[in-house]
*Asks:* 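Structure in structure tokens, see below.
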Amino acid sequence: MNVQSSAPVHIDNTANRDWWRGAVIYQIYPRSYQDSNGDGIGDLAGIVQRLPYIASLGVDAIWISPFFTSPMKDFGYDVSDYCDVDPMFGNLADFDAVVETAHALGVRVMIDLVLSHTSDQHPWFTESRADQTNAKADWYVWSDPKPDGSPPNNWLSIFGGPAWQWNGEREQYFLHNFLASQPDLNFHCPAVQDALLDVARFWLNRGVDGFRLDTINFYTHDAQLRDNPPLAPELRNATIAPQVNPYNHQEHLYDKNQPENLEFLRKLRAVMEPFGAAAVGEVGDAQKGLEIMGEYTAGDDLMHMCYAFEFLANDAPTAAQVVEVMDRVDRVAGEGWPCWAFSNHDVKRHASRWGYEPAGLRLMTTLMMCWRGSACIYQGEELGLTEADVAFEDLQDPYGIEFWPKFKGRDGCRTPMVWEQSNLNGGFSDAARTWLPVASEHLHLSAAAQEDDPGALVHHYRKAIAFRRAHPALQSGDQDGIKAKGDVVYFTRSTREQTLFCAFNISDTPSDFALPKGDWHPVGEELGSAHVSADGKLHLGPWQVCLAVKRD
């Protein structure tokens, strides 16, 4: 695979503090990206090897999922040392090589900080659980049992069952919103906040350009430990395993989304400011995600951007649903900044989730690059990878193992990248066995095969990202209200210097449409933009876009 890289670029985030606004961020799941040492698991040196390919896409930054020291009960989202690299991924020198190489290619590096909880093997927890009087006794969320010995309240774990685990050493329960091996940190303890801010400083001083903040709305819990109220069945709209998981039976008023969270986010923003770094927060809330996104990104002293789960849902979005989501964003997050994603390491890949053919994938990619906000694309979606079918005996994800067969977990979106069609393990690894099997159905979509096909999806991603970069209105411009006419979504993006009209036929049915009054010049021919007649009328074919710049 011969991918050309550009000349080295010096990155100074303090000279362009708004670099994140409208940025395209490429998510790397390191276990599955590239194995450099033949052990069947991707690593940091493998990322270095593939950075020229990533840079060739035209993205502004990479987001690397956790690579910290961990027992890997939740594949790195259970951290036992925040300031070191797990040996399976390499070492700190390997991480430094990632930063140096990425920066030389003009790509920023964001890392995934998991601050709401640690591993139960973290030294902080080892000390905290020893007794109720040690120096870190209140670094985690501990509570006495009720008089009958039961947990202190009705809070539930996302991975199933109560969110409380009994500890015999302290004769108390500790809170875990996820696995029992992932105890929650107590953000009501100032020393905990200080320690986590020091973690951010460590990586900023090492050259990172920002953070993806895992479960950002889970940091702080209700200090009174009040019970969550039940959630009406018709409101149970969670993205992940909505039917089989009792977690979705509660309205999560008290175990997350607490107002005190904002105080910590302001402190974190202050730590980041001298570096010009940026953060994108993951808002995990099925009912109030957009509202929290607006709250957490309002003003210049909180987070830069957040993403919710509206377009990570199972159903393919219709024009009406796109308008509904964007209207809600305008109402509740108009002063904030969204970051959109269609796929990530936690949900079924959208090529399968929505059942789209390549034409639909192309249109939705162009749409993401045109509407207001920043964008996250997940490794392999630029190749059109589908959800892999992982057999039960090959499952690694504890979520899937717990709820099989109705919910198969997240392994299907985490199988290794395919680089070469004919190579062993698709060019991902020389190992006899990889940590998850390489999906045979992915091999014909390999990066090398698509490089040689001018009509392949990966080239459309490059064109769509380049189009975004070439039009300032798409990166940071205003957006009038998104509207729909039948299956066509349309809106205008504008700066003082540029006004761009965008229309998208989200269907396999042709549609006639008319542009607003004005002198419009068609652009985006490389993206299949429709022809505009002299009177402003156009015919949109199935899954076709229209992009036009207004002349003065």
*Asks:* Kindly say whether the aromatic ring centers of Phe275 and Trp203 come within a distance under 6.0 Å.
*Replies:* no

*Asks:* Yes or no on salt bridge (charged side-chain N to carboxylate O under 4.0 Å, His left out) for Arg353 and Glu387, after CA distance, side-chain angles and deciding distance?
*Replies:* CA-CA 8 Å; Arg353 218 168 64 236; Glu387 185 79 355; over 6 Å; no

*Asks:* Take Arg414 and Asp346 through the test salt bridge (charged side-chain N to carboxylate O under 4.0 Å, His left out) and record every step on the way to the result.
*Replies:* CA-CA 9 Å; Arg414 297 176 175 182; Asp346 279 333; 3.2 Å; yes

*Asks:* Side chains of Ser80 and Thr69: is there a donor and an acceptor less than 3.5 Å apart?
*Replies:* no

*Asks:* Please confirm whether the ring centroid of Trp371 lies under 6.0 Å from the ring centroid of Phe504.
*Replies:* no

*Asks:* Would you check if there is a donor-acceptor pair between the side chains of Arg462 and Ser56 at a distance under 3.5 Å?
*Replies:* yes

*Asks:* Taking it one step at a time, do Phe403 and Tyr399 satisfy ring-ring contact (aromatic ring centres under 6.0 Å, His included)?
*Replies:* CA-CA 6 Å; Phe403 291 112; Tyr399 208 173; 5.7 Å; yes

*Asks:* Check this for me: does any side-chain nitrogen of one of Asp78 and Lys73 sit under 4.0 Å from a carboxylate oxygen of the other?
*Replies:* no

*Asks:* Measuring from atom CD of Gln379 to atom CD1 of Ile62, what distance do you get when rounded to the nearest 0.5 angstrom?
*Replies:* 11.0 Å

*Asks:* Would Ser116 and Thr215 count as a side-chain hydrogen bond (donor to acceptor under 3.5 Å, both in side chains) if you check the C-alpha gap in whole Å, the side-chain angles of each, and the deciding distance to 0.1 Å?
*Replies:* CA-CA 7 Å; Ser116 69; Thr215 59; 3.1 Å; yes

*Asks:* What's the spacing between Ser440 OG and Asp389 CG if we round to 0.5 Å?
*Replies:* 9.5 Å

*Asks:* Return the minimal non-hydrogen interatomic distance between Leu312 and Ala341, and the atom names on each side.
*Replies:* CD2-O, 3.6 Å

*Asks:* Check this for me: Glu526, atom CD, are more than 12 non-hydrogen atoms of other residues, nucleotides or ligands nearer than 6.0 Å?
*Replies:* yes

*Asks:* Does any non-hydrogen side-chain atom of Ile64 lie less than 4.5 Å from one of Asp112?
*Replies:* no

*Asks:* Does the side chain of Tyr33 come under 3.5 Å of the side chain of Gln49 through a donor N or O and an acceptor N or O?
*Replies:* no

*Asks:* Rounded to the nearest 0.5 Å, what separation is found between the CG atom of Asp411 and the CH2 atom of Trp435?
*Replies:* 5.5 Å

*Asks:* Just say parallel, tilted or perpendicular for the rings of His304 and Trp20, cut-offs at 30° and 60°.
*Replies:* perpendicular

*Asks:* Does a side chain donor of either Thr118 or Trp124 reach within less than 3.5 Å of an acceptor in the other side chain?
*Replies:* no

*Asks:* Indicate whether any N or O donor in one side chain lies under 3.5 Å from an N or O acceptor in the other, for Asn257 and Asp285.
*Replies:* yes

*Asks:* Between the side chains of Tyr461 and Thr365, is a donor N or O closer than 3.5 angstrom to an acceptor N or O?
*Replies:* yes

*Asks:* Distance only, no hydrogens: is a donor on one side chain within 3.5 Å (strictly under) of an acceptor on the other, for Gln182 and Asp74?
*Replies:* yes

*Asks:* Could you state the interatomic distance from CZ (Phe125) to OG (Ser181), rounded to the nearest 0.5 Å?
*Replies:* 10.0 Å

*Asks:* Does atom CG (Asp94) have a neighbourhood of more than 12 heavy atoms from anything else shown, all under 6.0 Å?
*Replies:* yes

*Asks:* Under 6.0 Å between the ring centres of His122 and Tyr82?
*Replies:* yes

*Asks:* Can a cation-pi geometry be assigned to Arg362 and Trp543, taking NZ or CZ under 6.0 Å from the six-membered ring centre and within 45° of the ring axis?
*Replies:* no

*Asks:* Go through the structure and list residues passing side-chain hydrogen bond (donor to acceptor under 3.5 Å, both in side chains) with Gln27, not counting sequence neighbours.
*Replies:* Ser65, His345

*Asks:* Assess whether a salt bridge exists between Asp60 and Arg108, defined as any Lys/Arg side-chain N lying under 4.0 Å from an Asp/Glu carboxylate O.
*Replies:* no

*Asks:* Could Glu381 and Arg349 be called an ion pair, given the rule that one side-chain N must be under 4.0 Å from one carboxylate O?
*Replies:* no

*Asks:* For Asp394, is there an ion pair with Arg433 - N to carboxylate O distance below 4.0 angstrom?
*Replies:* yes

*Asks:* How long is the span from the CZ atom in Phe159 to the CZ atom in Phe178, to the nearest 0.5 Å?
*Replies:* 6.5 Å

*Asks:* Working to the nearest 0.5 angstrom, can you tell me the gap between Phe309 CZ and Phe311 CZ?
*Replies:* 14.0 Å

*Asks:* So, Asn177 versus Asp184: side-chain donor-acceptor pair below 3.5 Å or not?
*Replies:* yes

